[in-house]
Amino acid sequence: QLELVESGGGLVQAGGSLRLSCAASGLTFSSYGMGWFRQAPGKEREFVAGINWSGRSTDYADSVKGRVTISRDNAKNTVYLQMSSLKPEDTAVYYCAQAPNGGYYPRASLWRSWGQGTQVTVSS
């Protein structure tokens, strides 16, 4: 199981950009799919983006498609989430997650471990 630490959240105006990072330590990072989820107050945790072990396969929630890019650097044990054209409805705590294998899944319950989360607030 990986230990995951997110960074890069903050306050940004609508239309702005942020890059989130998630540094992993523990077992072999490059063996596992990674993902980003988010949770707004009063809402369930939702899938944002996933990337497989090699980085060659990615998927995105419809709500962020075209505005968000997930990537990974296996040499640095880090996964990134580049977000642009941010909207107030993107405001949430963003969590990095480790998949149970080399793929990724939309269901939060299938993921193995989670970071502590980083707050993203988009002002209108």
Side-chain angles (χ1 to χ4, degrees):
Q1 184 161 313
L2 297 173
E3 179 180 351
L4 306 173
V5 180
E6 302 98 334
S7 61
L11 174 64
V12 63
Q13 288 190 331
S17 300
L18 278 176
R19 188 175 84 154
L20 306 183
S21 299
C22 173
S25 60
L27 298 177
T28 306
F29 174 78
S30 60
S31 297
Y32 296 95
M34 299 295 295
W36 289 93
F37 286 73
R38 67 186 182 186
Q39 189 166 18
K43 295 189 176 181
E44 291 188 357
R45 192 168 296 191
E46 65 173 356
F47 175 80
V48 175
I51 187 167
N52 78 331
W53 66 275
S54 68
R56 295 193 186 99
S57 177
T58 59
D59 195 19
Y60 299 93
D62 288 342
S63 58
V64 302
K65 206 167 284 185
R67 301 188 296 118
V68 162
T69 301
I70 187 170
S71 61
R72 65 188 298 160
D73 185 337
N74 286 344
K76 295 183 177 180
N77 283 9
T78 302
V79 61
Y80 304 97
L81 189 71
Q82 178 68 50
M83 303 187 292
S84 60
S85 302
L86 284 163
K87 305 175 182 179
E89 51 263 44
D90 294 318
T91 295
V93 178
Y94 282 71
Y95 296 91
C96 175
Q98 175 205 348
N101 50 41
Y104 49 80
Y105 309 89
R107 269 174 57 190
S109 62
L110 296 176
W111 292 69
R112 175 173 291 184
S113 62
W114 298 84
Q116 83 287 352
T118 185
Q119 177 71 46
V120 171
T121 303
V122 184
S123 64
S124 57

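Computed from a prediction, not measured in an experiment: that's the story for all the values here.
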Any [X] side-chain heavy atom under 4.5 Å of [Y] side chain:
| X | Y | answer |
| --- | --- | --- |
| Leu11 | Gln119 | no |
| Ser71 | Tyr80 | yes |
| Tyr60 | Ile70 | yes |
| Val12 | Ser123 | no |
| Phe37 | Glu44 | no |
| Phe47 | Tyr105 | no |
| Cys96 | Trp36 | yes |
| Met83 | Arg19 | no |

[X] [atom1] to [Y] [atom2] distance, which is reported to the nearest 0.5 Å:
| X | Y | atom1 | atom2 | answer |
| --- | --- | --- | --- | --- |
| Glu3 | Ser25 | CD | OG | 4.0 Å |
| Ser30 | Asn77 | OG | CG | 7.5 Å |
| Leu4 | Tyr95 | CG | OH | 13.0 Å |
| Lys87 | Ser124 | NZ | OG | 14.0 Å |

Main-chain N/O of [Y] paired with [X] side-chain donor or acceptor, under 3.5 Å:
| X | Y | value |
| --- | --- | --- |
| Asn52 | Ser57 | yes |
| Glu6 | Gln116 | yes |
| Thr78 | Lys76 | yes |
| Arg72 | Phe29 | yes |
| Tyr94 | Val48 | no |
| Ser54 | Arg56 | yes |

Minimum heavy-atom distance between Tyr104 and Asp59, given as atom pair plus value:
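Scanning both residues completely, I find the closest heavy atoms to be CE1-CB, 3.4 Å.
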
Which heavy atom in Ala92 sits nearest to a heavy atom in Ala40, and how many Å separate them?
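Reported closest heavy-atom pair: CB-N, 3.8 Å.
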
Less than 4.0 angstrom from a charged side-chain N to a carboxylate O is my criterion; do Asp62 and Lys65 meet it?
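Lys65 and Asp62: salt-bridged.
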
What verdict does the side-chain contact (heavy atoms from CB on, under 4.5 Å) test give for Val122 and Gln13, after you've listed the backbone C-alpha separation in whole Å, the side-chain angles of each residue and the deciding distance to 0.1 Å?
CA-CA 5 Å; Val122 184; Gln13 288 190 331; over 6 Å; no

Hydrophobic cluster identity match, Leu20 and Met34, side-chain contacts under 4.5 Å:
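Leu20 and Met34: one cluster.
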
Cation-pi check, Arg112 onto Tyr32 ring (under 6.0 Å, within 45° of axis):
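No; the conditions do not both hold, so Arg112 does not lie above the ring face of Tyr32.
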
Qualifying residue for side-chain contact (heavy atoms from CB on, under 4.5 Å) with Leu86, from Val68, Leu18, Thr121, Thr91:
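It is Leu18; the other options fail the test.
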
Criterion side-chain contact (heavy atoms from CB on, under 4.5 Å) against Arg38, the qualifying member of Leu81, Thr118, Asp90, Val120:
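By the side-chain contact (heavy atoms from CB on, under 4.5 Å) criterion, Arg38 pairs with just one of Leu81, Thr118, Asp90, Val120: Asp90.
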
